Amino acid sequence: MTHPALVLLLACALALPAAAQAQTVGPKPPPYQPPPKAQPRPETPARDEAPAPRMDTTVNAASFAPRDDVVGRFADAYVRGGRPRLAFYWNRLLSDTLAQWYSDSRTVTAERSSGSTEGDLSLNRSGNRQIATETQRRTGGEQGRPPRPETWEWEFQDGFLGAFLKADAQVVDRTAILRIMGAGAEDMDPRTVEVMALQNMADLMIEVLVAESVRSNTGYELRARVLDMKTGRLLAMVNSRALREWQPSLKAEATSRGFELPDEDDERFGPERSDQRYKATATGFERKRKPPKLSLIAHNLATNVMDALMPRLEAAADAAAQPPMAKAEPAAAPPSNAPMPLVRQPDVSKTVPAPPKPKAPVNDSAVPLPDVDTKPLPPPAKAATVEPSSPPAGDEPPMPKATRQ
Amino acid sequence: MHRVRLGLVVLATAATLSACQRVDNTPGSPTVYVDPATSGPVKGVGIESQDIVSMTDQMMRDMLSQPRLANAATPPSIIIDSEYFHNESSSRLNKNSITDRLRVGLNRAAAGRMQFVGRHYADMVAKERDLKRQGTVDRATLPATQAQKGGDYRLGGRITSLDSRDPKTGMMQRYNQIVFEMVDLETAEIVWSGIYEFAKAAQDDIIYR
Amino acid sequence: MKRLFAPALGLLLLGGCSGIEPAPHCDMGRVSSQRDLVPGPAMVPDEKSPLKEMPLNSVNITDPAIINKLYVRSISARRTATGTVEVMAQVVNCTDFPLNAEARTQFTDASGAPAEIVSAWQRVHLSPRTIGNYRELSLGDKTVDGYLIEMRETK
């Protein structure tokens with residue numbers, strides 16, 4: 001009885017390895033039938049709702065692309081306005097200080113001596129001597145501004161002037177007119193020469209200033225003013241901070257956390273590239289949020305100055321085109337706020353012979369003169385000997401003339 | 001009795017012979033190579049090779065069963081890279097090992113059902129395009145295109161984890177969750193999602209480098 | 001011998017009446033009897049292979065550690081909307097302990113050859129006396145005609 005059990009045990013032991021695998025058979029996969037192709041985006045049923053708000057694409061859209069239309073319109077208005085000569089002040093304020101040198105102290109040394117000698121030869125001698133010593137300082141910090149790198153200025157001027165030169169504007173160089181006007185009058189105060197030059201060789205002065213600004217994404221902001229050099233009238237003023245192209249984008253920005261609206265107290269501003277270029281990198285395309293090139297910013301400022309100046313030029317042209325009845329009848333003078341002709345006097349005199357007014361100052365202004373008696377400085381007499389002023393009759397000596405250092 | 005003995009001898013011989021014909025069910029020679037699809041001798045609670053193999057395989061197969069991705073009338077252009085696949089877990093991990101395996105596996109298996117955009121080669125392509133257009137090199141053989149290929153869908157996702165440790169025993173447990181999503185690059189619609197999650201507990205965490 | 005048989009039978013019957021065992025009731029004897037290894041493809045044409053192959057379209061538990069613990073309840077296969085094949089297997093944990101198994105699928109073509117790379121091991125967590133589902137999708141569509149699922153215990 002024990003032997004058959006042993007045999008059975010042995011047989012089971014032999015069969016055990018085969019039991020280490022077990023399986024359950026399932027169905028065969030159904031035969032393949034090409035499924036219908038899926039649409040990339042299933043059509044959503046139309047909703048009877050208000051139309052979705054339109055996307056505002058006007059903000060900064062192509063704002064820094066060259067605006068040739070503005071340049072073209074300015075060119076027309078500029079010709080109609082009499083082609084006033086433009087002098088540019090690059091990062092330089094027109095100072096209100098009259099002389100380049102000023103003094104806040106002076107030392108006066110007075111010496112008075114008298115003596116008499118008696119003898120065979122009688123000689124009466126009396127003398128009076130005054131010595132005035134004055135310390136003068138050059139006025140600084142008003143006209144000159146913190147300098148920008150030279151290459152920065154080149155690029156800026158290139159972009160700014162390019163627009164005006166393209167409009168065939170008469171651009172005069174400040175340094176050149178100063179040198180021309182001041183040749184032979186070296187003893188005159190440069191500021192006087194400067195005003196003379198501006199009055200005689202330019203009609204409009206365009207002052208372009210650059211100021212550091214931490215809130216601007218460019219690190220600076222710009223201001224341009226257009227002044228009439230005959231009357232001092234401010235014709236146009238453009239501040240980059242107020243320009244539409246420099247306004248921060250108020251659009252919600254897509255971030256990794258969703259869309260983020262700009263902070264209400266965010267005072268940052270600055271120009272942005274209109275195209276928002278993407279640069280190919282090793283991780284894909286990355287957006288480079290750099291401000292536009294300086295030349296484009298300068299060009300944009302120039303076209304905005306043109307925009308601001310154009311109404312003046314066109315109004316002046318319209319006024320000049322009116323029949324000269326107003327001049328024939330002084331009683332029917334236009335209101336004071338009416339645009340006066342922006343045409344320079346020689347042009348007007350060519351077309352409309354004005355009645356002779358020998359006493360009235362010649363209105364050589366680039367813009368119409370209001371009822372202000374302005375007297376443009378005459379150009380200095382060239383090579384004229386500058387006579388030392390005679391001492392005044394009083395005891396106090398006159399102020400010494402400015403001397404070069 | 002004699003016959004029984006004879007039978008026993010026959011059986012014993014048969015058993016011995018059959019043992020000779022059986023599979024040598026013993027371990028093979030030791031080697032440094034381990035199967036990346038199976039946990040190796042170093043086991044921790046972080047994401048390991050078998051997890052990467054398993055999750056990418058699972059996601060790949062799942063994507064290929066999604067009609068909008070794998071059975072569209074026009075094969076969609078798909079970007080799969082780690083640019084928008086964020087690791088917010090406590091595991092130190094190179095995300096590219098996941099996205100690369102997924103992209104390669106899908107590209108090999110798709111057989112034209114999907115097209116893949118090598119966005120991580122954008123600079124390489126841009127450079128060559130520039131060289132061709134500048135005339136530095138010739139135009140090669142393939143026709144020029146207006147621009148590099150755009151994407152219809154792009155992979156996004158996130159790896160997150162939750163760690164817990166028993167201060168008495170030093171036992172550490174980590175729950176790992178990996179989310180894969182395919183996003184329509186025009187509408188931001190998520191057209192496909194996949195999740196892979198697991199939790200591991202071990203006496204002490206190993207160091208992942 | 002006969003004297004011992006009766007008490008033994010009584011004890012067995014008593015053991016059976018001791019309590020109600022919850023489902024599932026896994027009859028491993030019947031499971032084992034349903035095993036069917038089939039002759040595989042011939043290594044040499046027109047000659048029968050000595051290898052007993054696993055049948056196609058089946059779940060094969062290859063791990064002796066769990067072979068008497070798990071029971072494959074059902075297997076199904078269907079086509080997805082893209083034409084790929086989806087196989088599903090329901091596995092029953094017959095024990096009173098949690099089990100971690102893992103499975104992978106080799107999809108084959110009509111000739112029985114692998115149609116694509118084998119899938120990665122996918123874990124199936126089985127709580128005591130519960131049913132776990134294993135699901136796998138093929139990569140290919142028209143090339144897939146069969147499958148083989150292997151299951152083992154997770155180490």
Side-chain angles (χ1 to χ4, degrees), chain A residues 1-53 55 254-259 278-287, chain C residues 1 28-29 31-38 52-92 107-110 115 138 140-151:
Chain A
M1 190 62 195
T2 53
H3 295 302
L6 190 64
V7 170
L8 194 64
L9 200 67
L10 276 169
C12 288
L14 284 172
L16 193 61
Q21 283 194 332
Q23 78 284 325
T24 303
V25 178
K28 196 180 168 185
Y32 174 78
Q33 287 179 337
K37 295 289 182 187
Q39 290 299 317
R41 288 193 193 107
E43 293 297 325
T44 50
R47 296 180 186 173
D48 294 331
E49 291 177 0
M55 189 183 295
T255 70
S256 59
R257 297 174 300 282
F259 290 100
Y278 280 83
K279 193 171 190 294
T281 68
T283 54
F285 292 96
E286 286 181 5
R287 192 153 92 172
Chain C
M1 192 66 190
M28 287 304 167
V31 170
S32 181
S33 69
Q34 284 175 355
R35 283 199 307 272
D36 184 22
L37 297 182
V38 296
K52 284 278 189 179
E53 275 285 354
M54 296 175 281
L56 280 174
N57 312 321
S58 65
V59 176
N60 198 53
I61 299 172
T62 58
D63 194 343
I66 56 168
I67 194 164
N68 284 324
K69 295 179 177 176
L70 295 183
Y71 166 61
V72 181
R73 182 172 176 265
S74 70
I75 308 170
S76 62
R78 64 183 181 194
R79 293 272 174 186
T80 66
T82 58
T84 58
V85 174
E86 180 184 26
V87 293
M88 278 176 291
Q90 283 192 330
V91 189
V92 182
F107 290 94
T108 60
D109 61 13
S138 72
D141 42 23
K142 59 179 84 66
T143 55
V144 179
D145 194 58
Y147 57 89
L148 261 177
I149 302 173
E150 297 167 282
M151 188 169 281

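On a predicted model such as this, the values are computed, not experimentally measured, just so you know. Below, chains carry the letters A, B, ... as their sequence lines are ordered, and counting in each starts from 1.
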Item to check | Part of A:P34 lying under 4.5 Å from any heavy atom of chain C | outcome: neither

Next on the checklist: Is C:L56 close to chain A through its backbone or its side chain, or both, or neither, when contacts mean heavy atoms under 4.5 Å?
Outcome noted: backbone

Indicate the atoms forming the closest heavy-atom contact of [X] with [Y], along with that distance.
{"X": "A:P27", "Y": "C:N57", "answer": "O-CB, 3.7 Å"}
{"X": "A:P29", "Y": "C:D145", "answer": "CD-O, 3.2 Å"}
{"X": "A:V25", "Y": "C:I75", "answer": "C-CD1, 3.9 Å"}

Item to check | Under 3.5 Å: donor-acceptor pair, side chain of C:R79, backbone of A:Q33 | outcome: no

Next on the checklist: Please identify, among C:S138, C:G83, C:A89, C:S76, the residue contributing the most non-hydrogen atom pairs under 4.5 Å to chain A.
Outcome noted: C:G83

Checklist entry - Is the count of non-hydrogen atoms from other residues, nucleotides or ligands lying under 6.0 Å from A:K279 atom NZ greater than 12? => result no

Next on the checklist: Any heavy-atom pair between the side chains of C:T80 and A:P35 that's under 4.5 Å?
Outcome noted: no

Checklist entry - Going from OG1 on C:T143 to OH on A:Y32, what distance comes out if it is rounded to the nearest 0.5 angstrom? => result 9.5 Å

